[in-house]
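To start, the structure under review is shown below, and the notes come after it.
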Amino acid sequence: MKFLTAVFFFFSAAVFAEEEIIVHLNRSEPLVPLYLGTFDATQSSLKPDYVEKLEGVLRFDLDYSGRMEICGRHHEKEGLLLLENKKEGFAHSVWKRDKISYVVSASVEADKLNVSVFSVDFQKIKHIKGIELTGDLGKDRRSIHRLSDHIHKICFNKEGISTTKVLYTVQVPNEKKGDNKYLSHIFECDYDGHNAQKLTEDPKYCITPIYYPKSTLKPQQFLYVTYEDGPSKIYISTIGNHKPEPFIKLRGNQLLPTISKDNSKIAFICDAGGRADLFVQPLHPERGLLGKPIQAYSFPSSVQASPSFSPDGKKIAFVSDKEGTPKIYLIDAPKYKKGRKLPDAVCLTKKNRENTCPSWSPDGTKLAYSAKTKGTRQIWIYDFDTNEERQLTSGTSHKENPCWAPNSFHIVFNTADATSSELHLVNLNQDKTIKISNGPGKKHYPSWQP
């Protein structure tokens with residue numbers, strides 16, 4: 001019964017209806033003005049409305065990168081981009097006059113997309129030619145995502161996130177009923193929510209997916225928790241080839257797996273000792289599990305949940321109700337030696353009474369989590385540089401399960417209302433969230449591809 005209390009930390013139901021989500025920014029850098037010209041499709045065999053959709057994908061990618069601000073269209077600028085002599089069009093003083101930093105021009109010739117990226121400040125042009133278009137929107141969206149990341153690299157010399165993916169769960173009513181009123185499957189989608197595909201066929205409840213370290217010997221795999229055999233267990237499966245297998249052979253319920261950034265260990269929650277304790281298991285990306293899991297943290301009459309490793313793997317953030325209400329604590333990752341003592345847990349979050357779902361940013365500077373704020377769970381961020389907690393979102397809907405993008409700049413989370421739950425995308429430089437999920441079912445537990 002005590003173990004079921006752990007469900008409090010990662011299952012929730014809300015009673016409020018969704019409304020606008022407000023983002024509270026602490027912006028550290030200005031958005032760079034970029035002009036994206038209308039795709040020239042006069043020499044294309046593709047339909048104009050299809051080309052317009054592809055343009056919309058690129059516009060979304062660039063506009064929500066958190067670094068660019070897409071400027072409004074203007075007939076004078078559109079005319080410059082249609083000039084045969086591209087250098088003449090780009091060199092015009094109108095760009096500097098309107099304080100535009102970058103100009104992107106694109107044309108579709110036959111079934112290929114050609115793009116030019118012009119830096120107004122440095123007077124340099126980069127050409128990206130011959131991007132194959134198939135007429136299949138799902139495939140072409142991914143080509144545009146690759147283009148977007150290429151443009152992002154040209155402009156900022158930093159990797160973009162447009163080609164990354166997100167795992168998540170979708171809860172739907174169980175039509176066969178029986179013991180379970182609901183089923184929950186694992187899905188994967190592009191970072192913007194499109195190209196969603198179901199990855200599991202288990203007839204029961206699957207939750208909390210995470211990507212397994214990439215291997216040179218195997219296709220991309222993922223871990224998740226399922227109630228296939230009664231107790232909750234961690235399973236491993238392969239994307240595109242659903243053959244799930246039990247992953248950790250340890251008695252009792254297993255929940256909430258997470259893997260360190262260096263792929264050397266996995267942490268999870270298990271009640272093998274009679275209560276929900278934190279365990280750590282050594283790991284090798286190619287050879288799999290190494291040795292046996294060890295108990296990393298336990299406290300009398302308390303429940304542990306939601307571990308998250310620091311990027312260097314030396315510390316673990318996790319949730320515990322050891323002092324009455326769930327708060328986030330830090331411990332040193334356990335070392336495998338005889339006679340070791342359980343580490344001391346340091347309370348990190350102090351502004352709110354209930355704090356759950358910690359997620360450590362890949363650059364190690366921040367921790368995102370969900371905190372009950374005036375009765376509603378909101379996304380908060382702990383900044384390790386300043387040792388300060390600050391609220392990121394507000395609004396009447398509950399928000400939980402934040403997960404960082406590889407750039408430590410974007411976060412995906414889910415709302416949690418009585419009748420719906422959707423995935424939302426936010427970055428630390430723009431004061432709006434984007435709902436990226438749609439369709440039937442409640443979406444939970446997003447996990448960003450490392």
Side-chain angles (χ1 to χ4, degrees), residues 10-27 56-57 59-67 145 160-162 164-171 184 186-196 207-210 306 308 355-359 361-362 366-373 376-381 390-449:
F10 62 97
F11 270 119
S12 62
V15 295
F16 298 107
E18 175 69 70
E19 64 176 38
E20 181 182 8
I21 298 173
I22 301 169
V23 181
H24 306 274
L25 291 179
N26 187 17
R27 186 179 292 164
V57 176
R59 175 172 288 273
F60 177 89
D61 287 352
L62 298 180
D63 197 32
Y64 208 66
S65 67
R67 304 189 186 280
H145 289 328
I161 60 162
S162 298
T164 59
K165 297 180 181 296
V166 174
L167 292 173
Y168 61 103
T169 68
V170 178
Q171 181 195 78
S184 184
I186 310 299
F187 278 70
E188 183 187 53
C189 66
D190 294 347
Y191 94 105
D192 59 1
H194 291 274
N195 286 328
I207 54 174
T208 59
I210 60 169
S306 303
S308 179
N355 306 269
T356 62
C357 318
S359 175
S361 64
K366 297 176 179 64
L367 192 81
Y369 55 97
S370 178
K372 199 167 187 179
T373 312
T376 303
R377 287 184 293 281
Q378 305 290 353
I379 304 302
W380 282 64
I381 292 177
R390 67 180 180 88
Q391 186 175 346
L392 182 65
T393 67
S394 63
T396 58
S397 62
H398 290 286
K399 303 157 195 78
E400 45 192 29
N401 300 312
C403 184
W404 293 92
N407 63 1
S408 298
F409 197 59
H410 289 73
I411 295 173
V412 63
F413 63 90
N414 66 262
T415 53
D417 293 326
T419 58
S420 68
S421 178
E422 301 291 348
L423 305 185
H424 290 257
L425 186 66
V426 66
N427 68 65
L428 302 186
N429 215 21
Q430 287 172 294
D431 57 358
K432 60 181 178 180
T433 65
I434 303 292
K435 185 172 78 72
I436 62 170
S437 61
N438 54 66
K442 292 184 177 182
K443 293 82 178 179
H444 296 99
Y445 315 117
S447 176
W448 215 309
Q449 186 179 28

Please report the interatomic distance [atom1]([X]) to [atom2]([Y]), rounded to the nearest 0.5 Å.
X: H410; Y: I434; atom1: NE2; atom2: CD1; value: 9.5 Å
X: L392; Y: I22; atom1: CG; atom2: CD1; value: 12.0 Å
X: I381; Y: Q391; atom1: CD1; atom2: CD; value: 11.0 Å
X: I411; Y: S361; atom1: CD1; atom2: OG; value: 8.5 Å
X: L425; Y: I436; atom1: CG; atom2: CD1; value: 5.5 Å
X: K399; Y: T433; atom1: NZ; atom2: OG1; value: 8.5 Å

Distance-minimising heavy-atom pair for [X] and [Y]:
X: Y64; Y: V426; answer: OH-CA, 3.2 Å
X: A371; Y: W380; answer: CB-CD1, 3.6 Å
X: S359; Y: P402; answer: CB-O, 3.2 Å
X: Y445; Y: P209; answer: O-CD, 3.8 Å
X: T376; Y: T396; answer: CG2-O, 3.6 Å
X: S65; Y: N427; answer: C-ND2, 4.4 Å

Going through the distances and angles, do T169 and T208 end up as a side chain to side chain contact (heavy atoms under 4.5 Å, CB included)? CA-CA 7 Å; T169 68; T208 59; over 6 Å; no
Kindly say whether [Y] contributes a backbone atom to a donor-acceptor pair with the side chain of [X] at under 3.5 angstrom?
X: N414; Y: H444; result: no
X: S420; Y: D417; result: no
X: T393; Y: I379; result: yes
X: K443; Y: G441; result: yes
X: S421; Y: T415; result: yes
X: S370; Y: N401; result: no
X: Q430; Y: D63; result: yes

Can you tell me if NZ on K165 sees more than 12 non-hydrogen neighbours from other groups inside 6.0 Å?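 More than 12 heavy atoms, drawn from other residues, nucleotides or ligands, come within 6.0 Å of this atom.
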Side chain to side chain contact (heavy atoms under 4.5 Å, CB included) evaluation trace for L423 with F187: CA-CA 12 Å; L423 305 185; F187 278 70; over 6 Å; no
Give the C-alpha distance, both sets of side-chain angles, the deciding distance and a yes or no for side chain to side chain contact (heavy atoms under 4.5 Å, CB included) between S306 and T356. CA-CA 7 Å; S306 303; T356 62; 5.6 Å; no
For a side chain to side chain contact (heavy atoms under 4.5 Å, CB included) check, start with the C-alpha distance between V57 and H194, then their side-chain angles and the critical distance, and finish with the verdict. CA-CA 10 Å; V57 176; H194 291 274; over 6 Å; no
So does R377 pair up with E400, basic N to acidic O under 4.0 Å? yes
Between S437 and E422, does a side chain to side chain donor-acceptor pair (under 3.5 Å) hold up when you go through it step by step? CA-CA 6 Å; S437 61; E422 301 291 348; 2.4 Å; yes
Would you kindly say whether D61 and Y191 are connected by a side-chain donor-acceptor distance under 3.5 Å?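 On atom types as modelled, these side chains qualify, holding a pair under 3.5 Å.
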S394 versus Q378, side-chain donor and acceptor atoms under 3.5 Å: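 Checked: Q378/S394 side chains show no N/O donor-acceptor pair below 3.5 Å.
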Does any part of the side chain of N407, heavy atoms only, come nearer than 4.5 Å to the side chain of T164, both counted from C-beta?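 Answer no - side chains too far apart.
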